[in-house]
Amino acid sequence: MTEQTAPHSPISAEQFAEQIRQELEYSQGVRPEQATAADVYVATSLAVRKQLMDSWMRTQQDIVQGKTKAVGYLSAEFLMGKQLRNALLSAGLTDQFEQAVTQLGFDIQAVIDAEVEPGLGNGGLGRLAACYIDSMASLAVPAFGYGIQYRYGIFKQEFDAQGRQVERPDYWLDNEEPWGHVDYNRSQRVSFGGKVVEENGHKVWKPAWSVRAVPVDYLVPGYASGRVNTLRLWSAKSYDEFDLLTFNNSQYLDAVRPQVKAENISKILYPEDSTPQGKSLRLEQQYFFVSASIHDAIRVFYPGQDQPDLTSFPDKICFQLNDTHPVIGIPELMRVLIDEYGYDWNAAWSITTRTFNYTCHTLLPEALEVWPAKLIGELLPRHLQIIQQIDRHFLAELEGKVADPQQIERMRIISTGEDPQVRMAYLATVAGEHVNGVAELHSQLLKDVTLHDFSLVYPGKFTNVTNGVTPRRFIKLANPRLSALITEGLGTDRWLSDLSLLEGLRPLAQDDGFVGRFAQVKRDNKADFAAFAKREYGFDLNPDTMFDSMVKRLHEYKRQSLKILAVIADYADIKSGRVSADDLLPRTVLFGAKAAPGYRMAKLTIQLINNVARVVNTDPEVKGRLSVHFAPNYNIRMAQHLIPATELDEQISQAGKEASGTGNMKFAFNGALTVGTLDGANVEIRQRVGAENFFLFGMTVEEVDALYAKGYQPESYYQADPRLKAAIDMVADGSFSDGDCGTYAALVDDWLHKDYFMTLADFTAYNQIQSDIEALYRQPLEWSRKALLNVASSGFFSSDRAIGDYLERIWKTGSMD
Ligand code: 26V
């Protein structure tokens with residue numbers, strides 16, 4: 001194994017400074033004296049990229065020539081975050097960078113700040129893909145990430161004067177972007193529309209239009225592995241095929257219209273992360289990147305061969321389908337094998353079903369993608385035929401296995417009836433070799449509920465891989481102080497490649513001196529975060545209060561409303577004189593969350609939180625005791641600042657709704673205690689850190705189901721808990737809307753009469769656990785001891801472990817070294 005990590009790095013700070021100068025002059029044409037921090041950022045990035053190039057080329061060669069099967073991680077989202085610090089860490093160049101930039105007369109932070117974060121994902125699913133490609137490179141697994149280089153990533157969130165979310169376009173690609181290398185010579189043609197005709201007994205697809213998929217390659221450097229993998233993001237370009245006739249008729253705009261349409265495909269990331277809209281453009285995006293990726297894999301593994309023997313394809317690469325978004329790849333590979341390479345159905349099916357695996361990331365039925373068969377037929381007529389044929393074969397198989405005709409009907413890949421729908425999760429389950437959920441509880445619920453019929457027919461397909469997150473970005477880069485303390489405590493920095501070593505910190509939890517230093521790290525991080533929040537948002541945060549954070553996408557099932565109602569209840573207690581402000585534990589409540597632009601309830605919740613913040617933060621009666629802050633535009637950078645400073649992490653979804661959660665893991669890594677329900681990976685976090693080091697509350701999945709069955713009446717909870725009643729009344733009476741009772745009427749009405757996610761039913765339990773939390777926080781040493789035990793016990797949640805599980809249970813491959 002080639003050690004590529006500091007302090008064994010091959011180049012000195014002086015050499016690195018010289019390389020930066022060279023890039024400035026010869027790549028950018030800027031004299032070092034005239035350079036800005038943004039120029040130095042670009043030059044540095046180009047220089048780091050060059051440092052990684054030899055490893056990248058060696059890795060690519062070994063992937064093609066080696067005997068180890070590769071992984072193609074197909075994902076519509078890769079939420080990478082900023083690249084420079086991570087690349088420096090992997091290249092072992094962090095110290096040299098800091099010295100070189102200082103030598104050149106620049107401020108290190110200004111150079112780092114010049115990078116614009118690529119926001120090519122919505123939330124957990126996209127960030128997971130980024131963590132997984134980091135781990136695959138670090139474990140020397142031959143792997144490609146395949147996705148889309150959206151021109152506009154997730155929208156930039158702002159708040160207007162009323163506290164409402166405003167979405168602004170994210171112009172990230174309008175800046176110089178030194179990381180992505182556009183490889184015009186490896187482009188692929190992707191076609192759409194048209195019709196299928198019979199020619200000599202064969203089905204022949206005659207598409208109506210095509211786009212050029214141009215790869216943009218990002219390096220994925222492994223940590224201490226000497227390996228560099230590729231993230232290949234496709235960008236849509238038009239072919240320069242003007243209709244000259246139209247052009248000569250001087251109808252220029254008509255002639256370029258198809259070109260404009262083509263380039264729209266990779267224009268924008270859809271900002272909905274739970275309700276598929278059935279939009280044609282989204283299906284175009286999915287097919288676009290998946291088709292290009294499959295052809296790319298064939299090109300890579302069978303170079304220059306006109307008639308490759310693709311029966312070996314599943315031995316060369318397996319594709320992981322990150323949710324249903326790339327599932328159109330299944331009929332695409334069938335089509336390529338049959339129509340382009342002449343295989344018969346059975347041979348093609350045998351190859352395809354050994355190539356794909358499917359990960360499901362949700363439990364919400366409305367998040368399972370379905371596409372109208374009509375739409376698929378218009379956009380991809382040959383694929384619809386293939387899906388219909390898969391459905392027919394599947395039906396025949398079921399008729400031999402399943403007695404109940406209703407069950408068979410339920411399982412059809414294409415629903416029957418007036419407007420038939422293609423159920424992408426079912427297609428993936430039938431054609432995939434393995435199907436996995438993302439936490440123990442989630443995988444169990446997939447088998448018992450969401451895909452129950454399928455688990456009866458294919459019991460062997462289903463497995464679990466509990467999610468994980470990368471310790472490189474979320475401990476080492478985000479929390480340098482804690483990283484140094486861990487290294488000192490363990491006497492080695494090997495924990496960064498083997499996070500199970502954190503267990504070695506356990507005995508130190510009995511050492512009050514060490515616990516005190518651990519507490520000081522948190523205190524320093526809080527002070528840093530307060531300074532950051534002042535600069536970025538103008539917040540005045542007091543680091544001597546408890547930092548209590550809830551950051552994640554805004555969704556009713558995640559129950560940001562439970563948190564804000566609890567805050568309002570505390571506030572109401574003081575305003576009514578029931579409680580003295582002096583008895584309140586001083587607390588800073590931090591929110592970060594984007595709402596899908598069309599999600600009315602979620603946007604109203606944002607508005608409410610902002611207005612609660614406005615009222616509470618300006619009320620002298622609670623000053624110093626309670627403050628609420630909603631940071632706009634929560635993103636990876638913000639996460640890296642906030643998580644290390646947080647003491648209490650809120651994971652309060654309704655049980656049975658959060659598939660896993662990954663924020664919970666990042667907070668545990670960084671020594672926050674979790675208040676949470678028995679949902680997703682919370683269950684396993686609690687198991688590992690110990691029940692006594694986790695604040696559990698709320699209904700279980702079984703209790704939730706029983707309450708639905710019995711008939712849930714939220715208003716009865718409102719009547720039964722005076723604190724809850726006071727809080728909701730305050731929202732209803734205009735206390736947070738300048739006296740206007742209508743502003744939050746839709747929210748109040750939902751709470752009292754619907755409350756599908758049972759916020760009200762869990763409110764009392766949530767408040768009780770908050771008393772335990774406050775009692776413990778008043779014993780700082782005991783609090784910190786438990787927080788340290790969270791760090792020591794959470795090594796399991798490294799994405800290296802998760803990738804190890806994928807290798808063993810699903811991909812059946814391993815390291816190339
Ligand atoms: C769904 C859709 C639906 C169609 C419109 C566009 C779109 C984009 C993304 C998604 C994915 C939603 C599913 C998701 O993000 N699931 C989250 O996955 C995390 C990683 O496994 C997991 O930790 C979270 O619990 C789960 O909510």
Side-chain angles (χ1 to χ4, degrees), residues 73-79 119-132 147-148 150 153-155 268-286 289 320-328 358-371 424-425 436-443 445-446 450 464-470 551-559 593-599 639 651-667 676-677 679-685 757 797 799 802-803 805-806:
Y73 200 85
L74 298 177
S75 178
E77 305 186 6
F78 285 90
L79 194 45
L120 307 187
N122 273 281
L125 167 139
R127 183 55 232 180
L128 188 77
C131 286
Y132 280 1
I148 300 175
Y150 301 99
I154 187 70
F155 63 84
I268 182 151
L269 167 78
Y270 276 81
E272 282 81 35
D273 71 344
S274 55
T275 37
Q277 306 267 315
K279 291 273 166 53
S280 169
L281 177 60
R282 181 153 170 95
L283 182 58
E284 288 170 23
Q285 292 184 333
Q286 298 183 345
F289 92 88
Q320 192 65 30
L321 300 166
N322 199 25
D323 218 285
T324 50
H325 316 152
V327 168
I328 195 72
Y358 163 53
T359 306
C360 178
H361 293 266
T362 191
L363 280 162
L364 304 180
E366 71 267 25
L368 292 178
E369 279 184 304
V370 296
W371 291 104
M424 302 308 270
N436 76 286
V438 290
E440 292 282 356
L441 175 65
H442 175 235
S443 296
L445 291 170
L446 276 186
T450 320
N464 171 249
V465 178
T466 298
N467 281 167
V469 302
T470 174
V551 286
K552 49 188 72 257
R553 280 300 286 254
L554 211 134
H555 202 292
E556 287 161 284
Y557 84 77
K558 296 180 188 278
R559 302 199 298 191
K594 291 180 185 180
Y599 190 168
Q651 301 294 342
I652 59 179
S653 53
Q654 186 195 34
K657 296 297 186 296
E658 189 69 270
S660 163
T662 43
N664 45 7
M665 302 169 184
K666 295 163 197 164
F667 281 104
T677 48
D679 201 14
N682 292 354
V683 177
E684 290 156 80
I685 293 177
F757 298 105
F797 301 101
S799 44
I803 290 300
D805 288 353
Y806 275 99

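This structure is a prediction, so every number in the text was calculated from the model and none was measured. Whatever order the structure lists ligands and atoms in, that order sets their numbers, starting from 1.
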Enquirer: Would you say ligand 1 has an N or O under 3.5 Å from any N or O of Glu77?
Expert: no

Enquirer: Got an N/O contact under 3.5 Å between Lys558 and ligand 1?
Expert: no

Enquirer: Taking heavy atoms and a distance under 4.0 Å, where does Thr362 meet ligand 1: side chain, backbone, both or neither?
Expert: neither

Enquirer: How far is atom 23 (O) of ligand 1 from its nearest protein heavy atom, and which residue and atom is that?
Expert: Gly661 N, 2.8 Å

Enquirer: NE2 of His325 to CG of Leu283: how many Å apart, nearest 0.5 Å?
Expert: 12.0 Å

Enquirer: Among all protein non-hydrogen atoms, which one is nearest to atom 25 (O) of ligand 1, and what is the separation to 0.1 Å?
Expert: Glu658 OE1, 2.6 Å

Enquirer: Counting non-hydrogen protein atoms only, what is the nearest one to atom 14 (C) of ligand 1? Give residue, atom name and distance.
Expert: Leu125 CB, 3.8 Å

Enquirer: Could you tell me the separation between the CG atom of Asn322 and the CD atom of Glu77, rounded to the nearest 0.5 Å?
Expert: 8.0 Å

Enquirer: Under 3.5 Å, is there a donor on one side chain and an acceptor on the other for Asp679 and Ser653?
Expert: yes

Enquirer: Looking only at protein heavy atoms, identify the closest one to atom 6 (C) of ligand 1 and say how far it is in Å.
Expert: Glu272 O, 2.8 Å

Enquirer: Could you tell me the separation between the CD atom of Gln320 and the OH atom of Tyr132, rounded to the nearest 0.5 Å?
Expert: 9.5 Å

Enquirer: Who gets closest to atom 17 (C) of ligand 1 by heavy atom: Arg553, His361, His442?
Expert: His361

Enquirer: Which atoms of ligand 1 are found less than 4.0 Å from any heavy atom of Ala659?
Expert: 25 (O)

Enquirer: How does Thr359 reach ligand 1, by side chain, by backbone, by both or by neither, if only non-hydrogen atoms under 4.0 Å count?
Expert: neither

